[in-house]
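Below is one structure, written out as structure tokens; the observations come after it.
Just so it is clear, the structure is predicted and the values come from calculations on it, not from any experiment. Numbers here are sequence positions counted from 1.
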Amino acid sequence: MKIINRTKGIVAIGLVFMVLACDSYLDVNENPNNPQDAPISGLMINSTYESALNVYRIGDIVSNYVQYLASPNPASASDTMEPVSNNNTWFSLYNVMTDLTVLIDKAEEQGAGHYQGAAEVLMALNLGMTVDIFGDIPFSESFNFETVTPKYDADQELYGVVMNYLDIGISHLNGETTATMGSDDFIYQGDVAKWLAFANMLKARYMIHLKNTGSYSSEEVLASVDNGFQSGDDNAGVNFFEQSINPWAEVARDNADLLLGGWISEQFIQALDGTSYNTVDPRLPLMVGATDDGQYIGTENGAGRGDAPEQGARSTLIEGQYYTSVTSPILIATYSEQKFIEAEAAFATDKSRSYQAYLDGIVAHMNMLGVPQTDIDTYLAGPDVSMGESAFTLNDIFKEKWVALFLHPESWNDARRFDYQYENFTLPANLNPDLSGQFIRRLPYPDSETSRNGNNVPEVTLLDRIFWDTE
């Protein structure tokens, strides 16, 4: 199949060059005025910052698949689910995991247990995100610098590695340390209690993916939830600043400058404007821009903008909103998401807890966006929202979680687990014919990897499922 090369800013040329660069990067320079041996503090700065950017990078890829965004151009590869080569994202994920490998080793040598624990949590995050979009990937042989053609490890086995990193990360965060994290930690500024909550939240996230497999335990998910986030104050994310703006703000700014991007899918608009559901969602004007006429009009995925002009007639991301302000955070994990995980995990065994967690998840997201309390109350009073415990279904959880995970890559994991069964959700126009009328299930391996490590790269199609995405 033809793979479209999608790189932004730099051309990622695969792990081999990353390894060579890392070897050079880690060599100790004999010149004391030009040190090249990275300290754990510098590695923590880069790893926290780049981990958040990896959340953005994957979110940017999959937001068209879950129909948050739509391309203004007809038959755009991002809309029509063509096999796009995401070299840059692959490179960025491995680059962070390489730094984290070094950070873990250095922290262990120095007895810096809190740095080591945080790095292990971040390794679980980046490894989990990579497996969730690509499936089998190189890992066990990727960071020892003994081969430039590492073998591929099975996705299901790597999930065990993810959970192990989270468990040992929690252990190290609970243990002693010779060095204290601070401003070099861009996520929590050294707050170990919040790191522990974050680790438990991630355990719940990755365990809920296993719901339709033999490895699932709702009790274990709920135990992790109990030890996870306690409020929106625990949200994990990285705040940006004037000199390094939030990348979604950059998308909105580029669109305003006619470098078109960030157009909103009609599916998302109609899910919130009272079309697909009876209740109008007050979050809509806080998440996307209106047309020049003050309306909210989406773009059909795959069809493009038609005869609409380049500006003013369709809803897009606009600067200055919660997700798109210059200094807005890139959210890695939120209390709202955790509440929806709790709702799903408790649904079969404690429906009362599930229903309350579902409502709490809605409120948590609305509070995060700054929705006025009167609007929250009105929304919750709608029969499509507060339908009562007896009428409450898993569909309600997935719908509200889809809204709350706006632009976040976790939404694609949910969409695949939910088999894309959102209300009025339809395939895009001009769909890639290789998909045979079905939604995409995975990303192809990047062409940089197939050209460099082709003998080890598994043969897959876009319909082949990640192990937890059961039929």
Is a donor from one side chain sitting under 3.5 angstrom from an acceptor on the other, for [X] and [Y]?
X: Gln230; Y: Asp234; result: no
X: Asn246; Y: Ser328; result: no
X: Gln267; Y: Thr426; result: yes
X: Ser265; Y: Asn301; result: yes
X: Thr147; Y: Thr149; result: yes

Return yes when atom [atom1] of [X] has more than 12 non-hydrogen atoms of other residues, nucleotides or ligands closer than 6.0 Å, and no otherwise.
X: Glu423; atom1: CD; answer: yes
X: Asn455; atom1: CG; answer: no
X: Gln189; atom1: CD; answer: yes

Heavy-atom closest contact ([X] atom, [Y] atom, distance):
X: Leu369; Y: Tyr323; result: CD2-CE1, 3.7 Å
X: Pro458; Y: Asp136; result: CG-CB, 4.2 Å
X: Ala119; Y: Leu100; result: O-CD2, 3.8 Å
X: Ala77; Y: Val84; result: CB-CG2, 3.9 Å
X: Leu196; Y: Ile170; result: CD2-O, 3.7 Å
X: Val288; Y: Phe406; result: CG1-CZ, 4.0 Å

Item to check | Arg205/Glu337 under salt bridge (Lys or Arg N to Asp or Glu O under 4.0 Å): CA gap, chis, key distance, verdict | outcome: CA-CA 9 Å; Arg205 175 192 286 177; Glu337 179 194 345; 2.8 Å; yes
Note, [X] side chain near [Y] side chain (heavy atom, < 4.5 Å):
X: Pro428; Y: Gln67; answer: yes
X: Pro138; Y: Asn456; answer: no
X: His114; Y: Thr180; answer: no
X: Pro446; Y: Phe134; answer: yes
X: Ile137; Y: Ser142; answer: no
X: Leu53; Y: Pro247; answer: yes
X: Trp412; Y: Ile58; answer: no
X: Leu286; Y: Tyr322; answer: no

Is [X] salt-bridged to [Y], going by a charged N under 4.0 Å from an acidic O?
X: Lys339; Y: Glu342; result: yes
X: Lys203; Y: Asp167; result: yes
X: Lys399; Y: Asp396; result: no

To the nearest 0.5 Å, tell me how far [X] [atom1] sits from [Y] [atom2].
X: Leu331; Y: Ser336; atom1: CG; atom2: OG; value: 10.0 Å
X: Phe439; Y: Leu462; atom1: CZ; atom2: CG; value: 14.0 Å
X: Leu158; Y: Thr130; atom1: CG; atom2: OG1; value: 9.5 Å
X: Asp360; Y: His365; atom1: CG; atom2: NE2; value: 15.0 Å
X: Leu127; Y: Met163; atom1: CG; atom2: CE; value: 11.5 Å
X: Arg283; Y: Ile362; atom1: CZ; atom2: CD1; value: 6.5 Å

Spell out, as yes or no, whether a donor-acceptor pair under 3.5 Å connects the side chain of [X] to the backbone of [Y].
X: Glu50; Y: Val96; result: no
X: Gln156; Y: Ala154; result: no
X: Ser325; Y: Thr327; result: no
X: Asn73; Y: Ser76; result: no
X: Asp155; Y: Gly135; result: no
X: Asn367; Y: Ala364; result: no
X: Asn46; Y: Gly42; result: no
X: Asn87; Y: Ser448; result: yes
X: Asn227; Y: Ala223; result: yes
X: Asp185; Y: Thr48; result: no

Item to check | Leu407, Asn126, Ile332 screened by side chain to side chain contact (heavy atoms under 4.5 Å, CB included) with Val55, the one that passes | outcome: Ile332
Checklist entry - For the rings on Tyr445 and Tyr152, is their centre-to-centre separation under 6.0 Å? => result yes
Item to check | Check against side-chain contact (heavy atoms from CB on, under 4.5 Å), Ile341 and Met201 | outcome: CA-CA 9 Å; Ile341 293 170; Met201 189 281 175; 4.0 Å; yes
Checklist entry - Picking from Phe139, Phe467, Tyr165, Tyr216, what satisfies ring-ring contact (aromatic ring centres under 6.0 Å, His included) with Tyr159? => result Phe467
Checklist entry - Of the options Phe425, Tyr422, Phe268, Trp248, which is the one that meets Tyr68 in a ring-ring contact (aromatic ring centres under 6.0 Å, His included)? => result Phe268
Item to check | Working for side-chain contact (heavy atoms from CB on, under 4.5 Å), residues Ile245 and Arg253 | outcome: CA-CA 11 Å; Ile245 72 172; Arg253 180 178 294 178; 3.9 Å; yes
Checklist entry - Hey, mind stepping through Met207 and Ser217 against side-chain contact (heavy atoms from CB on, under 4.5 Å) and telling me if it holds? => result CA-CA 8 Å; Met207 285 191 288; Ser217 166; over 6 Å; no
Next on the checklist: Set out, in order, the CA-CA distance, both residues' side-chain angles and the distance that settles side-chain contact (heavy atoms from CB on, under 4.5 Å) for Arg465 and Thr470, then state yes or no.
Outcome noted: CA-CA 7 Å; Arg465 297 174 181 238; Thr470 59; over 6 Å; no
Aromatic rings [X] and [Y]: how do their planes relate, parallel, tilted or perpendicular, breaks at 30° and 60°?
X: Tyr94; Y: Trp90; answer: tilted
X: Trp468; Y: His209; answer: tilted
X: Tyr358; Y: Phe340; answer: perpendicular

Next on the checklist: Taking salt bridge (Lys or Arg N to Asp or Glu O under 4.0 Å) as the criterion, tell me which of Arg416, Arg441, Arg417 meets it with Asp469.
Outcome noted: Arg441
